[in-house]
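Structure first, then comments.
Below, chains carry the letters A, B, ... as their sequence lines are ordered, and counting in each starts from 1. Not measured: the values here are computed from a predicted model.
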Amino acid sequence: MKKFTVHQGAAAPLRRTDVDTDQIIPVRFCASTTRDGHADALFADWRDDPEFVLSKPEHRAATVLIAGSDFGTGSSREYAVWALQDYGFRAVIAPRYGDIFRANSLMNGLVTVVLPVTDVEWLWELTEADPAAAVTVDLELLEVRAGGRTFPFTLDPEIRHRILHGIDPIGATLLHEEDIARYEAARRPALPVTG
Amino acid sequence: MGSTLAQKIWASHVVRKGDAGDDLLYIDLQLLHEVNTPQAFDRLRAAGRTVRRPDLTLGTEDHNTPTIDIRRRIEDPEGRRQAELMRANCAEFGIPLHRLGDPGQGIVHVIAPELGLTRPGMTIVCCDSHTTTLGAFGALAFGIGASQVEHVLATQTLPMRPMKDLSVTVDGRLPAGVTAKDLVLALIAEIGTAGGQGHIVEYRGEAIAALSMEARMTLCNMSVEAGSRAGLIAPDQITFDYLADRPGMPAGDAWEEELAHWRTLRSDDDAVFDKEVVLDASALSPYVSWGTNPGQSVPLDGRVPAPGDFAGEASRAAAERALAYMDLRPGTAMRDIAVDTVFLGSCTNGRIEDLRAAAGVLRGRKVADGIHMLIVPGSARVRRQAEEEGLDRIFAQAGADFRAGAGCSMCAALNEDRLAPGQRAASTNNRNFEGRQGKGSRTHIVSPQVAAATAVAGRLAAPGDL
Ligand code: SF4
């Protein structure tokens, strides 16, 4: 889990909806067995299109991605999150996400902010007009700041706490080992086992 | 106020209520395949942790596996490495694994039911979004990412926040020739690819009660394409009959006890859903996709839509992109779309019933010249059963390419089966995303019946057209 408190950086406006995880990282790059080294695979099938936002020199160094609705739908591949992080993205802003992608991103400390469509459109215009415009994602104050405006957002308090402090969720669960053992002892005996 | 089925299953798996409204849920079964898992095992080892319940965990090899000759080693070195790591990791932690060549091997969502491991009321997870398939048994089954896989390996639990409930009631009966695949495509076209987001969808009504277990699996499989995390169907006599024939079922009094328990697993009459959708099955006809997400589907009787047919700038822009990618012109009759390849298989439609349906269409007919029809069984067991029933001979006579090995094949395009750039397929899988079946590939999602008829006609067709 990457710790995250406040991040400020340039943003890439990705004016597309329904960017599924097959687009974020095509499956042929998911044969790798490591968590890192996926930067070049990010949006691999779009990267040679000069019109694609990350092909434009002025957006190449972006660390915040601003996308349309339903970003990260489809496959559960966590590679999508790792590729975004390897490329350098620390946060994504979109009106809506695929459920599994969102859970994966927050497990890895990639902050996925939900803002209304109109705010996302405003941020698209801002960052298209001024690619160097600083966009701040503040997890402590739960707000995005850019172009003199402030956009509040919400996040599950438990998840926010974990990301702010870089807490390992497995370690946190294992503190309740006794509860798990007690539950296990009371399970229905006929439940199947695999071997 | 009563409870929904999803709420009942959820409540019976809460190990501990969190302070911030999240629950620690016990997981009855974790399924693994060779993609999406090596990283979980690496971190588990690095943290000095172990697998808490290898006996509630099962692995299979499906995504990378060759299908032409199962003795052939996986050509792609990285794919081979994934399979090797899967074997090493399962051996190290004592997790049973169905390797390629085992009689129980196959696509993870196909073999788990065959092995009798998916039963009503269970919680089931897998590193794969189509785990929703298993909700057909009245189990709460959902896909998770690699970090959550690691969490379940180490603790057999998952912290989760309760999800909302969506009820999809399908009244009436499906007309002859209309399948669960058509039903789910019509549903997604109606509610959109985000229609079920944040929800567990429960399918109910007369049309659902009439579906076989296999058709129910097809329906629940594509729940994730409607954006939902899980799909559910309350267990009934059809479920119990399917389970009675599976290995490892309790016998005698223990079976009766399970039955009595399973019968309680239904939404109460006064349960309240967050959202409700009602469909009329009798009004449906075969559906096919035209675009690059499963919501971009129309009846086979219909035409390719124009961007202007859609409300909202985003939908119009998406339609324009999809038309360009699919190289289709608005107004073209769906039946005029010619394909190069037909793929019958995947966790959506790679079960015996799907192969039977296709064989019914192919019997006494020939696959059209220049069309490659690839049939890949969802599991080794499906392959054996098809042989026992003589389906392999029907496929051979028709000139279809019925593969020896089971796996994801051209659905994942990770093994040797993939489309070349610009090639067009009628495919029984679940996703028509850009590049899904190979870079630059074009996919039309169809039912097994439409797939078989399309193979014969050379263009999108229903059996009635032949
Ligand atoms: S058949 Fe396709 S959708 Fe199903 S598990 Fe395999 S790759 Fe995923």
> Side chain, backbone, both or neither: which part of N293(B) has an atom under 4.5 Å from a heavy atom of chain A?
Replying inline: side chain
>> If we define contacts as heavy-atom pairs under 4.5 Å, which of E177(A), E184(A), R102(A) has the most with chain B?
In response: E184(A)
> Are the side chain of Q23(A) and the backbone N or O of E434(B) linked by a donor-acceptor pair below 3.5 Å?
Replying inline: yes
> Do E313(B) and R15(A) sit within salt-bridge range, that is, some charged N less than 4.0 Å from a carboxylate O?
Replying inline: no
> So does K164(B) have more than 12 non-hydrogen atoms from other groups sitting under 6.0 Å from NZ?
Replying inline: no
> Rounded to the nearest 0.5 Å, how far does OG1 of T173(A) lie from NE2 of H151(B)?
Replying inline: 3.0 Å
> Of the listed residues (L58(B), D42(B), N36(B)), which shares the most heavy-atom pairs with chain A below a 4.5 Å separation?
Replying inline: N36(B)
>> Treating Q197(B) as the side-chain partner and Y97(A) as the backbone partner, does any N or O pair qualify as donor plus acceptor under 3.5 Å?
In response: yes
> If contact means a heavy atom pair closer than 4.5 Å, which residues of residues 38-74 of chain A contact chain B?
Replying inline: D45(A), W46(A), D48(A), D70(A), G74(A)
>> Between T34(A) and Q39(B), is the side-chain hydrogen bond (donor to acceptor under 3.5 Å, both in side chains) condition met? List the steps.
In response: CA-CA 6 Å; T34(A) 58; Q39(B) 293 87 348; 5.5 Å; no
> Can you tell if the side chain of R16(B) reaches within under 4.5 Å of the side chain of Y183(A), non-hydrogen atoms only?
Replying inline: no
>> Using heavy-atom distances under 4.5 Å, tell me whether H130(B) contacts chain A through its side chain, its backbone, both, or neither.
In response: neither
> Does P54(B) offer a backbone N or O that forms a donor-acceptor pair with the side chain of T194(A) under 3.5 Å?
Replying inline: yes
> Are the side chain of T155(B) and the backbone of L174(A) linked by a donor-acceptor contact shorter than 3.5 Å?
Replying inline: no
>> Working to the nearest 0.5 angstrom, can you tell me the gap between R77(A) CZ and C127(B) SG?
In response: 12.0 Å
> If you tally heavy-atom pairs under 4.5 Å against chain A, which of V15(B), D55(B), T118(B) wins?
Replying inline: D55(B)
>> For a side chain to side chain contact (heavy atoms under 4.5 Å, CB included) check, start with the C-alpha distance between R418(B) and R28(A), then their side-chain angles and the critical distance, and finish with the verdict.
In response: CA-CA 11 Å; R418(B) 65 180 66 134; R28(A) 61 183 185 280; 5.7 Å; no
> If you take all heavy atoms of N108(A) and S147(B), which pair is closest and at what distance?
Replying inline: ND2-OG, 3.7 Å
> With a 4.5 angstrom heavy-atom cut-off, which part of E225(B) approaches chain A: side chain, backbone, both or neither?
Replying inline: neither
>> So for A146(B), is it side chain, backbone, both, or neither that comes closer than 4.5 Å to the heavy atoms of chain A?
In response: both
> For the candidates T57(B), L24(B), V35(B), which exhibits the highest count of non-hydrogen atom pairs separated by less than 4.5 Å from chain A?
Replying inline: T57(B)
>> Check this for me: does any side-chain nitrogen of one of D22(A) and R436(B) sit under 4.0 Å from a carboxylate oxygen of the other?
In response: yes
> In terms of heavy-atom proximity below 4.5 Å to chain A, should L414(B) be classed as side chain, backbone, both, or neither?
Replying inline: side chain
>> Just so I understand: if I count every heavy-atom pair under 4.5 Å between each of L117(B), V149(B), T193(B), N430(B) and chain A, which residue has the most?
In response: L117(B)
> Given that the side chain runs from C-beta out, which part of L158(B) has a heavy atom under 4.5 Å from chain A: side chain, backbone, both or neither?
Replying inline: neither
>> Taking side chain as everything from C-beta outward and backbone as N, CA, C, O, which of these in T157(B) sits under 4.5 Å from a heavy atom of chain A? Side chain, backbone, both or neither.
In response: side chain
>> For chain A, which candidate among F41(B), F142(B), Y26(B) shows the most heavy-atom pairs at distances under 4.5 Å?
In response: Y26(B)
>> I'd like to verify something: which residue of V117(A), D18(A), T17(A), D20(A) has the highest number of heavy-atom pairs under 4.5 Å with chain B?
In response: D20(A)
> What are the two closest heavy atoms between G145(B) and I100(A), and how far apart are they?
Replying inline: N-CG2, 4.2 Å
> Is chain A contacted by the side chain of A318(B), its backbone, both, or neither, given a heavy-atom distance below 4.5 Å?
Replying inline: side chain
>> Using salt bridge (charged side-chain N to carboxylate O under 4.0 Å, His left out), reason through R16(A) and E320(B) one step at a time and then give a plain yes or no.
In response: CA-CA 12 Å; R16(A) 285 188 76 150; E320(B) 218 159 278; over 6 Å; no
>> Within residues 148-172 of chain A, which residues come under 4.5 Å of chain B, heavy atom to heavy atom?
In response: D156(A), P157(A), E158(A), R162(A), D168(A), P169(A), I170(A), G171(A)
>> Tell me whether R188(A) contacts the main-chain N or O of E258(B) through its side chain, where contact means a donor paired with an acceptor under 3.5 Å.
In response: no
> Any idea which heavy atoms bring S75(A) and S129(B) closest together, and the distance?
Replying inline: CA-OG, 3.7 Å
> Which heavy atom in Y79(A) sits nearest to a heavy atom in Q82(B), and how many Å separate them?
Replying inline: OH-NE2, 3.5 Å
>> Less than 4.5 Å to any heavy atom of chain B: does that hold for the side chain of A186(A), its backbone, both, or neither?
In response: neither
> What part of R187(A) gets closer than 4.5 Å to chain B, counting heavy atoms only: side chain, backbone, both or neither?
Replying inline: side chain
> So which of R161(B), M160(B), Q156(B) has the biggest tally of heavy-atom pairs under 4.5 Å with chain A?
Replying inline: R161(B)
>> With side chain to side chain contact (heavy atoms under 4.5 Å, CB included) as the criterion, how do N104(A) and Q148(B) come out once you've worked through the C-alpha distance, each side chain's angles and the decisive distance to 0.1 Å?
In response: CA-CA 8 Å; N104(A) 289 344; Q148(B) 290 177 314; 4.2 Å; yes
> Which bit of A190(A) comes within less than 4.5 Å of chain B, counting heavy atoms only: side chain, backbone, both or neither?
Replying inline: both
> Looking at side-chain heavy atoms only, is the closest gap between R246(B) and P192(A) below 4.5 Å?
Replying inline: no
